[in-house]
Amino acid sequence: GLVGSEMCIRDSIRRLVSEANENDANWHWSLKALSKTKASIFWSYLEYGDQKPCFTIELVEDDDGCLIYAKDEHGDTLNFEIVECVGLPRLNTPIEEAIKMMAYSIINTAHHCY
């Protein structure tokens, strides 16, 4: 399962968020929450009043395997990847790589859409 790699998942999300922050001269990026299956990534451009909408990276596991999603601040899917496919293991993407892909989807979306 993915739980064994939990620490490196957390580290790699932290690293990607701080990288995004270093590369963004105008707006602040930070990790607002991090659980076993979900990371909430805050981008200060989206902040208004006491609203702090977040992008999210989410792991969804079911009997067929595990998917990872990148979602925008409205909860709409920006990108997803198969991390573990029980029936077709050749479709698997290593979790570290999948997380990178999701983080980059979020960062690119932020920089292109706003």
Side-chain angles (χ1 to χ4, degrees):
L2 296 165
V3 181
S5 50
E6 203 182 304
M7 281 315 293
C8 62
I9 292 172
R10 287 172 180 228
D11 289 346
S12 97
I13 291 176
R14 283 202 182 92
R15 200 168 53 245
L16 288 158
V17 172
S18 71
E19 227 172 75
N21 193 42
E22 283 163 28
N23 295 330
D24 192 334
N26 303 313
W27 306 102
H28 181 65
W29 289 85
S30 65
L31 197 52
K32 274 280 172 271
L34 188 56
S35 70
K36 270 186 180 157
T37 56
K38 189 172 177 179
S40 300
I41 298 165
F42 171 67
W43 186 42
S44 64
Y45 177 89
L46 299 176
E47 187 174 5
Y48 51 94
D50 8 341
Q51 301 290 304
K52 291 189 191 306
C54 286
F55 292 105
T56 53
I57 294 176
E58 205 169 338
L59 277 173
V60 179
E61 268 185 281
D62 62 22
D63 296 342
D64 300 322
C66 182
L67 292 172
I68 190 167
Y69 290 88
K71 296 184 177 180
D72 70 11
E73 76 277 22
H74 307 296
D76 296 327
T77 300
L78 301 170
N79 196 1
F80 74 95
E81 196 59 46
I82 297 168
V83 178
E84 209 174 314
C85 180
V86 175
L88 287 165
R90 69 168 182 279
L91 296 178
N92 292 2
T93 301
I95 183 75
E96 291 275 335
E97 197 181 310
I99 285 172
K100 255 190 202 131
M101 290 160 77
M102 297 308 110
Y104 292 140
S105 303
I106 286 170
I107 295 160
N108 290 336
T109 299
H111 289 159
H112 287 120
C113 295
Y114 298 101

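Of the inter-residue distances, the one linking Leu59 atom CG with Leu67 atom CG reads 9.0 Å to the nearest 0.5 angstrom. Going from atom CD1 of Ile9 over to atom CZ of Arg14 covers 12.0 Å, rounded to the nearest 0.5 Å. Separation of atoms CG (Leu34) and CZ (Arg10) is listed at 5.0 Å; rounding is to 0.5 Å. Annotation: the span from Glu81 atom CD to Cys66 atom SG amounts to 11.5 Å, rounded to 0.5 Å. In this structure, OG in Ser12 is found 8.0 Å from CD1 in Ile95, a value given to the nearest 0.5 Å.
Follow the hydrophobic side-chain contacts under 4.5 Å out from Val17 and you reach Leu78 in the same cluster. No chain of hydrophobic side-chain contacts below 4.5 Å, direct or via other Ile, Leu, Val, Met, Phe, Trp or Tyr residues, connects Ile57 to Phe80.
In this structure, Val83 and Thr93 have side chains that are not in contact, with every pair of non-hydrogen atoms separated by 4.5 Å or more. Between Asn21 and His28 the shortest side-chain heavy-atom distance falls below 4.5 Å. In this structure, the side chains of His111 and Trp43 come closer than 4.5 Å at one or more pairs of heavy atoms. Two residues are said to be in side-chain contact when any heavy atoms from C-beta on lie closer than 4.5 Å; Ile68 and Ile99 meet this criterion.
With sequence neighbours excluded, no residue forms a salt bridge (charged side-chain N to carboxylate O under 4.0 Å, His left out) with Arg15. The salt bridge (charged side-chain N to carboxylate O under 4.0 Å, His left out) check on Glu47 picks up Lys52, with sequence neighbours excluded. Among residues two or more places apart in sequence or in another chain, the salt bridge (charged side-chain N to carboxylate O under 4.0 Å, His left out) test is passed with Asp24 by none. Shown here are the side-chain hydrogen bond (donor to acceptor under 3.5 Å, both in side chains) partners of Ser40, two or more places apart in sequence or in another chain: there are none. Residues meeting the salt bridge (charged side-chain N to carboxylate O under 4.0 Å, His left out) test with Lys100, sequence neighbours left out: none. A search for side chain to side chain contact (heavy atoms under 4.5 Å, CB included) contacts involving Leu91 returns Ile82, Cys85, Leu88, not counting sequence neighbours.
Environment of CG in Asp50: sparse, with no more than 12 heavy atoms of neighbouring residues, nucleotides or ligands closer than 6.0 Å.
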Taking only distance into account, with no hydrogens and no angle test, what donor-acceptor pairs under 3.5 Å do side-chain atoms of residues 101-109 form with protein atoms, sequence neighbours excluded?
residue: Ser105; atom: OG; partner: Asn79; partner atom: ND2; Å: 2.8
residue: Ser105; atom: OG; partner: Met101; partner atom: O; Å: 2.8
residue: Asn108; atom: ND2; partner: Tyr104; partner atom: O; Å: 3.2
residue: Thr109; atom: OG1; partner: Ser105; partner atom: O; Å: 2.6

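Closest approach of Ala20 and Trp29 over heavy atoms only: O-CD1, 3.5 Å. Closest approach of Phe42 to Pro53, counting heavy atoms only: CD1-O, 3.6 Å. The two atoms that bring Ile13 and Ala39 nearest to each other are CD1-CB, 3.8 Å, heavy atoms only.
Counting only residues at least two apart or on different chains, the side-chain hydrogen bond (donor to acceptor under 3.5 Å, both in side chains) pairs with a member in residues 65-76 are Glu73-Tyr114.
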Steps toward side-chain contact (heavy atoms from CB on, under 4.5 Å) verdict (Thr37, Val60): CA-CA 7 Å; Thr37 56; Val60 179; over 6 Å; no

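Other members of the cluster containing Val86 do not exist, because no ILVMFWY side chain is joined to it at under 4.5 Å.
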